[in-house]
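Data first, discussion second: the structure below is written as structure tokens.
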Number of protein chains: 2
Amino acid sequence: MSRTESEAAFLARYDPADYARPAVAVDLMLLGLPGGRPTILLLQRDRHPHAGRHALPGGFVGIDEALDAAAARVLHEKAGGARAHLEQLYTFGAVERDPRMRIITVAYLALLTEAAFAEALARAPALHPGTIAASSAGEGPVTVHAIDGAALPLAFDHAEIVALALRRLRGKLDTSAVGFSLLPELFTLRQLQDVHEAILGTRLNKPAFRRRMLDRGWLEPTGRFETGTSYRPAELYRFRPNPSHPPSPTLSQGE
Amino acid sequence: MSRTESEAAFLARYDPADYARPAVAVDLMLLGLPGGRPTILLLQRDRHPHAGRHALPGGFVGIDEALDAAAARVLHEKAGGARAHLEQLYTFGAVERDPRMRIITVAYLALLTEAAFAEALARAPALHPGTIAASSAGEGPVTVHAIDGAALPLAFDHAEIVALALRRLRGKLDTSAVGFSLLPELFTLRQLQDVHEAILGTRLNKPAFRRRMLDRGWLEPTGRFETGTSYRPAELYRFRPNPSHPPSPTLSQGE
DNA sequence: TCAATAGTGTCTCTTAGACACTATGAA
DNA sequence: TTCATAGTGTCTAAGAGACACTATTGA
């Protein structure tokens, strides 16, 4: 082909409508730790495929909308604009994953602080919280339960998405700064340890955890302390991104 | 909506053609270590967007084709059927990443043994090898060079894909079994260390590396030895997946 | 014998886990 | 004073890096 052909002529000949295209969606796993238990926010389906089952909130990607922007929009629409750390997880593209039509979905993990989690629940009453049974093994299928203990069967391949999200989060928890996305601006070292323990499903050694976190250089002591405790108040820290590690902004590349 | 409505009636009303859809493609980063240098296989574009630049081999995802199947097909079509370990990396969905039209691309990493790399080069003459300048820092933009040292500018956002792939590979090299995908069936511990050093861009401590690898329980000594060396021949090992860790099959979930 | 690399023994240093200890605020 | 938790000092165990040593092959 001649490289002198005009771009307009080229575009005219390049016909994107020649082939049927899959639909592209984003699905969000909205994760918080209310009461120290990993909990996700689900919508109960009232429509045909998997009616009655619970599904991750999602939506189709607009033709002029970036993937990350679609994830942010779905977060806004389905969770009442709650602030969250969004991070792309994995793209699920099995042919029959949705019986209606071919839908490729890009799964995102959205981490909510306790306040944001409560706010999302308040503003979007359709969202049902489901606690993740943290099988300590870390492998195998994940099961989700309602507050009353009833099992919440998930629609489509969403159990797979939840399992992958939890594995990924566990894997990068100690080497990245994602853990701070689940905490408020000011927090104590015990709260940080609680976050790690809730996600990993294990107990951690206190002195070792404190040493590791403080040696990372990510924690800025504020000189302020908890209030309202009936025991010795703990010092409040702030997360300060380290120049050597990425600052874990919203919409960072998932890795 | 009534849950007694028939599925056929539901599907008829659900019109997937209501909205314009992005095209979905897969792009493959074919990586090998010829001569101990991380090298990828690229196609030089002769067409309009970024003509003259080099691009990752890719192709559109068929309407009845799973994502992983599309990646395997592109591997077969563009690399002459070379065997490779395929692993999904990340999905790139910026709106203007391709000026022709909206294309969302799912990036895959394909790891080739030295033999598979040579075979791909032989069977697909259009593929140009490009060595990745392993900036020891690990961050920052990646540059790719031809064998003669000339810079190979990449098309689209492919430099971003290459950088992400290398970061991911480095991150999971020591905790997963991906490294074995770059080695033949039988290999020496030195060859395994060479793979790790090439990918990480650093030198590793020999006794510590041997201890770590042997303690993993992934290496099965064969009792056989190298031949043709002019020095003491090294023992040949075989990779044996550990039941506690996933066996790293082709098309495993990227994480 | 020498050259070159395989493979190992051992020392040190760093870091995690364990555990007990001191510190501090409220009832 | 007691209680509950914050925060620390120290011992031990495990693992990595450093370095030197022995082992084995071909020339």
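Computation of the quantities below employed the complete heavy-atom set of this structure, encompassing side-chain atoms and omitting hydrogens, waters and symmetry-equivalent molecules. Just so it is clear: chains get the letters A, B, ... in the order the sequence lines come, proteins before strands, and each one is counted from 1.
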*Heavy atoms from other residues, nucleotides or ligands near CZ of A:R83 exceed 12 (cutoff 6.0 Å)*: no
*asked:* When you measure from the side-chain N and O atoms of B:R232 to the phosphate of D:dG26, is any distance below 4.0 Å, counting only OP1 and OP2?
replied: no
*For A:N205 and for A:T229, locate the closest nucleotide of DNA chain C by heavy-atom distance; then report the residue assigned to the nucleotide nearer the 5' terminus.*
A:N205
*Where do B:R168 and B:L109 land on the side-chain contact (heavy atoms from CB on, under 4.5 Å) test, with the steps shown first?*
CA-CA 10 Å; B:R168 276 267 268 272; B:L109 176 61; over 6 Å; no
*Quick one: are the ring centres of B:Y90 and B:F92 less than 6.0 Å apart?*
yes
Measure from the side chain of [X], starting at C-beta and using heavy atoms only, and say which of [options] lies closest.
| X | options | result |
| --- | --- | --- |
| B:P207 | C:dG17, C:dG9, D:dA23 | C:dG9 |
| B:A208 | D:dA16, D:dG7, D:dA23 | D:dA16 |
| A:F225 | C:dA16, D:dA16, D:dG7 | D:dG7 |
| A:Y231 | C:dG7, C:dT5, D:dA6 | D:dA6 |

*Can you tell me how far CG of A:L28 sits from NZ of A:K78, rounded to the nearest 0.5 angstrom?*
9.0 Å
Whole angstrom is fine here: how far is it from [atom1] in [X] over to [atom2] in [N]?
| X | N | atom1 | atom2 | answer |
| --- | --- | --- | --- | --- |
| B:R203 | D:dC19 | CZ | P | 14 Å |
| A:L189 | D:dT5 | CG | P | 16 Å |
| B:L214 | D:dG15 | CG | C1' | 15 Å |

*With sugar-phosphate meaning primed atoms plus P, OP1 and OP2, does B:R190 contact a base, only sugar-phosphate, or nothing at under 4.0 Å between heavy atoms?*
sugar-phosphate
*Determine the contact category for A:R210: base if any of its heavy atoms lies under 4.0 Å from a base atom, sugar-phosphate if only primed atoms, P, OP1 or OP2 are that close, otherwise nothing.*
base
*asked:* Once hydrogens and angles are ignored, does a donor-acceptor distance under 3.5 Å link the base of D:dT10 to the side chain of A:R211?
replied: yes
